[in-house]
> 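Input: one structure, supplied below.
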Amino acid sequence: MTMRQVELRYNPAEIEERWQERWRTDDIYRVRDDDPRPKWYELTMYPYPSGDLHIGHWYAMGPSDCHARFRRMQGYNVLHPMGFDAFGLPAENAAIQRRIHPYTWTMGNIEKMRGQLASMGPVYDWDRQLVCCDPEYYRWNQWFFLKMYERGLAYRATAPVVWCSSCNTVLANEQVVNGRCERCDTIITRRDLEQWFLRITSYAEELLDFGGLIDWPEKILIMQRNWIGRSEGVEIAFDLSHLGLEAQDIRTFTTRIDTIYGVTFLVLAPEHPLVERLTTDDRKAEVQAYVEEARRQTEIERLAAEKEKTGVFLGSHVVNHLNGEKVPIFIADYALMTYGTGAVMGVPAHDQRDFDFARKFDLPIRVVIAPPGWAGEELEEAYLEEGVHTNSGPFDGMPNSKGKEAIADHVEAQGWGRRAISYRLRDWLISRQRYWGTPIPMVYCADCGVVPIPEEDLPVLLPSDAEFLPTGQSPLSLDSSFINTPCPRCSGPATRETDTMDTFVDSSWYMERFTSPGYDKGPFDPQALAEWMPVDQYTGGAEHAVMHLLYARFFTKALRDMGLVEFDEPFRRLYNQGIILGEDHEKMSKSRGNVVNPDEFVTTLGADAVRCFLMFLGPWDQGGPWSTSGINGTARWLNRLWELCQQDPSSLDESPTDETAVRDIQRKLHQTIKRCYEGLDRFKFNTTISAMMELSNYLGRAWNDGSVGPATWRESIEKLLLMLAPVAPHLAEELWERTGHGYSIHQQLFPAWDEELAAEEVVTLVVQVNGKLRDKLEVPADVAEEEAKSLALASPKVQAHLGDKQVARTIYVPGRLVNVVAN
RNA sequence: GCCGAAGUGGCGGAAUGGUAGACGCGACGGUCUCAAAAACCGUUGGGGGCAACCCCGUGUCGGUUCGAAUCCGACCUUCGGCACCA
């Protein structure tokens with residue numbers, strides 16, 4: 001395929017490099033905390049330093065840089081910083097595979113990416129760069145951890161954790177995708193380990209309150225709401241006292257207490273602590289086999305398309321307090337130990353899963369909520385709708401919506417249970433069996449137990465001489481000089497925690513660190529924090545809808561309760577850009593061979609052309625396919641601007657005779673300013689650029705006609721360049737200089753528009769007959785209704801279409817349309 | 001299965017109750033050139049007509065309205081997210 005390419009009249013590489021150098025030496029993007037202008041903090045999610053700035057990064061960062069530049073031109077003091085999410089697994093894999101230290105690998109990548117980022121021509125103030133593998137950064141991770149530990153927000157627990165045998169690491173539940181490791185796609189297994197957790201669940205209720213957010217996509221709020229998964233119900237006990245065990249009952253959680261009389265069995269999660277005690281001798285072998293199977297099953301279960309219900313009877317029974325009935329106890333993998341109490345009351349008539357289970361095991365299906373017109377016949381499937389209580393003792397005849405409350409009251413009065421709220425959200429597992437992360441600042445002493453490292457001994461540094469084994473075992477756990485340390489409390493021999501923290505800890509507070517990145521008396525300078533936070537506009541991919549954003553919100557609330565910050569939410573507004581696809585409209589991937597390398601286009605067509613095309617290709621939030629011929633279009637436009645803006649207006653006639661042409665060009669100019677202002681304000685980059693293209697086309701025609709004077713021309717070009725500045729910063733600066741303006745265009749305000757100049761004097765009045773377009777009339781914009789209607793009726797075309805029909809009514813939309821309704 | 005987003009020319013898209021297809025790509029025709037590329041000018045939703053013009057057209061079917069790409073209902077398709085949540 002031969003690719004035709006624009007031949008530029010200018011050398012973008014030369015211009016861009018020169019201006020980037022100039023901006024750097026003049027420090028025009030330095031951000032000052034004490035600037036009197038109103039502040040605007042615009043943040044793009046910082047990238048992982050993979051070593052290559054791909055087109056996806058450009059798509060995230062180019063338009064957000066443009067938006068930040070627009071806010072500068074609106075007169076804000078804009079903080080738009082950049083840093084690197086520098087801890088994480090790939091560095092460790094590189095260490096294992098290529099014997100490069102993760103630090104060396106990471107810092108080398110950062111250097112390379114800084115160069116690539118700089119080639120975009122962004123407004124980043126590099127003095128504020130933040131790299132979270134820097135000990136001066138991660139010491140504060142450790143400090144926060146200690147603060148949380150003090151307040152009971154960090155705790156250690158044994159938990160069946162998800163294990164990826166390929167990454168050799170524990171995964172958070174949230175990091176498992178369809179039973180596979182999110183990162184490497186390996187099928188996961190399970191392991192029991194002592195882990196550190198952060199108690200995000202204590203903030204579940206507050207995290208559901210989005211009141212402090214201004215402009216977040218509804219979609220993200222829905223995802224977070226579903227993720228937290230609040231449900232109201234009743235925790236109710238089933239009696240075990242007849243068995244003479246130390247456990248007197250089994251507690252279950254239900255949202256359908258109204259169906260309690262329909263319980264015909266009980267299901268425990270296979271991992272439930274009571275399983276062993278409740279299994280009768282004759283069932284032991286079968287139960288044990290099932291438990292083992294279930295633990296292994298995470299591997300298999302997701303692979304089965306439609307899973308049939310499985311389970312095993314334990315041999316014992318519980319008693320339903322409400323009707324005194326004995327019902328059998330099963331274990332089944334559809335009961336999850338991680339949700340509710342790990343036990344489910346089985347109501348087959350009114351829950352589809354229970355229904356399927358009962359069918360499979362031949363258990364009774366008792367209707368307790370009668371469907372309308374039900375005459376006692378058997379159900380074909382679970383009945384989930386509203387109905388009237390039946391087979392429900394004293395509650396018979398009551399509508400179940402009422403019964404729900406009445407039964408809950410009864411249960412609470414009898415002391416069998418209580419109303420409760422259950423969340424799907426689980427605590428945040430932060431332990432990672434890895435080297436390349438923040439060491440968890442804890443020590444284990446034989447005498448004193450778990451002892452936190454004293455604050456003054458932070459940071460606990462990662463040892464630089466760690467050994468990386470090809471097995472992927474945690475280098476810290478093999479490093480005796482790291483592990484062995486005197487106990488901070490008794491000075492006796494002790495060992496360090498060898499786990500490091502999830503990298504989401506780093507990103508939970510980095511936006512605060514950006515306000516004072518060099519500060520060493522605390523995680524951030526309280527004054528700078530007060531000046532800048534919260535982030536006014538956060539942008540990034542929707543893939544972080546839940547985890548990162550929820551963790552950062554949690555951190556902020558926890559820090560607030562420690563008195564460290566004074567706001568409730570870290571990100572006031574959020575905007576998610578879409579995904580840039582390959583030229584074949586598929587997701588870019590090496591295996592598809594459709595990956596676009598931005599550097600090639602930067603070299604040949606310039607960063608401005610790449611920025612422009614990424615913004616032009618479609619609405620930013622929808623993403624869309626890259627197009628190699630499409631970028632030619634934007635390059636061609638910039639090329640035309642190069643020519644157009646440098647036309648010498650002194651050759652134009654000083655006193656143009658064509659007053660209308662002058663008025664028309666002013667109107668177009670002011671309409672364009674308005675459209676661009678509003679477009680940039682709302683991330684509508686594609687239509688903003690279209691508007692500028694329309695203006696430049698218009699100016700081009702005016703030039704050819706010679707219909708305007710030099711003053712109008714100069715004003716138009718000047719304002720066009722100002723509008724271009726956030727979009728194509730290099731070219732705008734170059735042309736600004738070449739048109740005799742003072743340095744720098746990036747310290748100018750965005751042009752204002754004049755509503756009167758933008759207003760149309762003559763409008764096209766659309767004339768319809770019965771809703772079909774029949775004529776167009778040029779009329780004054782302020783035409784009166786009666787005038788418009790009579791003009792419309794007088795139109796010969798309208799008359800022709802009316803024939804001998806009677807005009808029933810006439811609709812008038814001021815300045816737009818007349819619709820003649822006739823029959 | 002559930003939740004969410006989206007379906008408009010050959011392609012990316014514009015128009016969020018009032019001229020469907022702005023802007024751009026591609027294609028076609030022309031200018032320039034020995035020639036090509038680039039650049040510049042013009043045409044470009046489909047069908048009919050010599051023409052003025054007419055008919056059809058925004059995933060499908062129905063509805064509301066003087067008027068629907070836009071609002072409502074049902075369905076189909078694609079993409080993204082979550083998955084036994086008791």
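Residue numbers start from 1 in every chain, and the chains themselves are labelled A, B, ... in the order their sequence lines are given, proteins ahead of strands.
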> Give none if rG7(B) has no partner; otherwise give the nucleotide forming a Watson-Crick or G-U wobble pair with it, both distances under 3.5 Å.
rC76(B)

> Could you work out which one of rC66(B), rC3(B), rA86(B) sits closest to the side chain of Tyr339(A)?
rA86(B)

> With His544(A), which residues qualify under ring pair (Phe, Tyr, Trp, His ring centres under 6.0 Å), at least two apart?
His548(A)

> Rounding to an integer number of angstrom, what distance separates rG59(B) and rC53(B) when you compare their C1' atoms?
31 Å

> In Watson-Crick or G-U wobble terms, both distances under 3.5 Å, what is the partner of rG1(B)?
rC82(B)

> What's touching nucleotides 52-57 of chain B from the protein side, N or O pairs under 3.5 Å?
unit_1, atom_1, unit_2, atom_2, d
rC54(B), OP1, His801(A), NE2, 2.8
rC55(B), OP1, Arg774(A), NH2, 3.3
rC55(B), OP2, Arg774(A), NH1, 3.2
rC56(B), OP2, Lys772(A), NZ, 3.2

> Specify the residues of residues 610-619 of chain A, ordered by number, for which at least one heavy atom lies under 4.0 angstrom from an atom of RNA chain B.
Phe616(A), Leu617(A), Pro619(A)

> For Phe616(A) and Phe685(A), I'd like to know if the aromatic rings sit close, meaning centre-to-centre distance below 6.0 Å.
no

> Taking only residues two or more places apart in sequence, or in another chain, which ones meet Val821(A) in a side chain to side chain contact (heavy atoms under 4.5 Å, CB included)?
Asn770(A), Arg809(A), Ile811(A), Asn819(A)

> Which whole number of Å gives the distance between the C1' atom of rA14(B) and that of rC23(B)?
8 Å

> Would you say Ser627(A) reaches rC11(B)'s phosphate, i.e. side-chain N/O to OP1/OP2 under 4.0 Å?
no

> Taking the minimum atom-to-atom distance to the side chain of Arg9(A), which one of rU19(B), rC82(B), rC40(B) wins?
rC40(B)

> Is Asn226(A) touching bases, backbone alone, or none of the nucleic acid, heavy atoms closer than 4.0 Å?
sugar-phosphate

> Mapping Lys587(A) and Leu8(A) to their closest nucleotides on RNA chain B, which lands nearer the 5' end?
Leu8(A)

> Using heavy atoms to find the nearest nucleotide of RNA chain B for Ile222(A) and Val766(A) separately, return the residue whose nucleotide is more 5′.
Ile222(A)

> Please confirm whether the ring centroid of Trp428(A) lies under 6.0 Å from the ring centroid of Tyr551(A).
yes

> What's the closest nucleotide to the side chain of Ala335(A) if the choices are rA38(B), rU19(B), rA86(B)?
rA86(B)

> Ring centroids only, cut at 6.0 angstrom: are Trp703(A) and Tyr698(A) within range, meaning strictly under it?
no

> Does rC25(B) have OP1 or OP2 under 4.0 Å away from a side-chain N or O of Arg636(A)?
yes

> Between Glu386(A) and Lys404(A) (salt bridge meaning N to carboxylate O under 4.0 Å), is one present in this structure?
no

> The criterion is ring pair (Phe, Tyr, Trp, His ring centres under 6.0 Å); which residues satisfy it with Tyr575(A), sequence neighbours excluded?
Trp620(A), Phe683(A)

> Which value, in whole Å, describes the distance between the P atoms of nucleotides rG13(B) and rA6(B)?
13 Å

> Using a strict 4.0 Å threshold on nitrogen-to-oxygen distance, state whether Asp664(A) and Arg667(A) make a salt bridge.
yes

> Considering only side-chain heavy atoms of Ile811(A), which listed nucleotide, rA86(B), rC3(B), rG18(B), is closest?
rG18(B)

> Tell me which residues in residues 680-701 of chain A put a heavy atom below 4.0 Å from RNA chain B, sorted by number, or none.
Asn686(A), Thr687(A), Ser690(A), Met693(A), Glu694(A), Asn697(A)

> Between Arg419(A) and Glu232(A), is the closest basic N to carboxylate O distance under 4.0 Å?
no

> Provide, to the nearest angstrom, the distance between the CG atom belonging to Leu266(A) and the P atom belonging to rA86(B).
16 Å

> Looking at Lys789(A) and Glu787(A), does any basic side-chain N land under 4.0 Å from a carboxylate oxygen?
no

> Which of the following nucleotides, rA38(B), rA86(B), rG18(B), is nearest to the side chain of Val813(A)?
rG18(B)

> State yes or no: are the ring centers of Phe265(A) and Phe357(A) separated by less than 6.0 Å?
yes

> Mind checking the P distance from rU16(B) to rG21(B)? Whole angstroms is fine.
13 Å

> How far, in whole Å, is rG57(B) from rG9(B) if one measures between their C1' atoms?
10 Å

> Please name the nucleotide paired to rG42(B) by Watson-Crick or G-U wobble geometry with both distances under 3.5 Å, or report none.
rC28(B)

> What nucleic acid atoms does Lys219(A) come within less than 4.0 Å of, heavy atoms only: base, sugar-phosphate, or nothing?
sugar-phosphate

> For the side chain of His585(A), starting at C-beta, report the closest nucleotide among rA86(B), rG80(B), rG12(B).
rG12(B)

> Please give the nucleotide sitting opposite rU58(B) as a Watson-Crick or G-U wobble pair, both distances under 3.5 Å, or none.
none

> With a 4.0 Å limit, can you tell me whether Arg816(A) has a side-chain N or O closer than that to the phosphate oxygens OP1/OP2 of rG18(B)?
no

> Supply the atom-to-atom distance Trp227(A) CH2 to Leu549(A) CG, rounded to the nearest 0.5 angstrom.
12.5 Å

> Can you check the distance between rU33(B) and rC40(B), where both ends of the measurement are the C1' atom (answer in whole Å)?
14 Å

> Where the side chain of Glu7(A) is defined as all heavy atoms beyond and including C-beta, which of rG24(B), rC84(B), rA37(B) is the nearest nucleotide?
rA37(B)

> Quick one: does Arg675(A)'s side chain get under 4.5 Å of Met692(A)'s, heavy atoms only?
no

> Students often get this wrong, so: under 4.0 angstrom with heavy atoms, is Val821(A) touching a base, only sugar-phosphate, or nothing?
sugar-phosphate

> Pick the C1' atom in rG49(B) and in rU58(B), then give their distance to the nearest Å.
26 Å

> Between atom CE of Met345(A) and atom CG of Asp351(A), what is the distance when rounded to the nearest 0.5 Å?
9.5 Å

> Between rC84(B), rC66(B), rA39(B), which nucleotide gets closest to the side-chain atoms of Arg809(A)?
rC66(B)

> Could you work out the separation of rA68(B) and rC61(B) based on their C1' atoms and round it to a whole Å?
15 Å

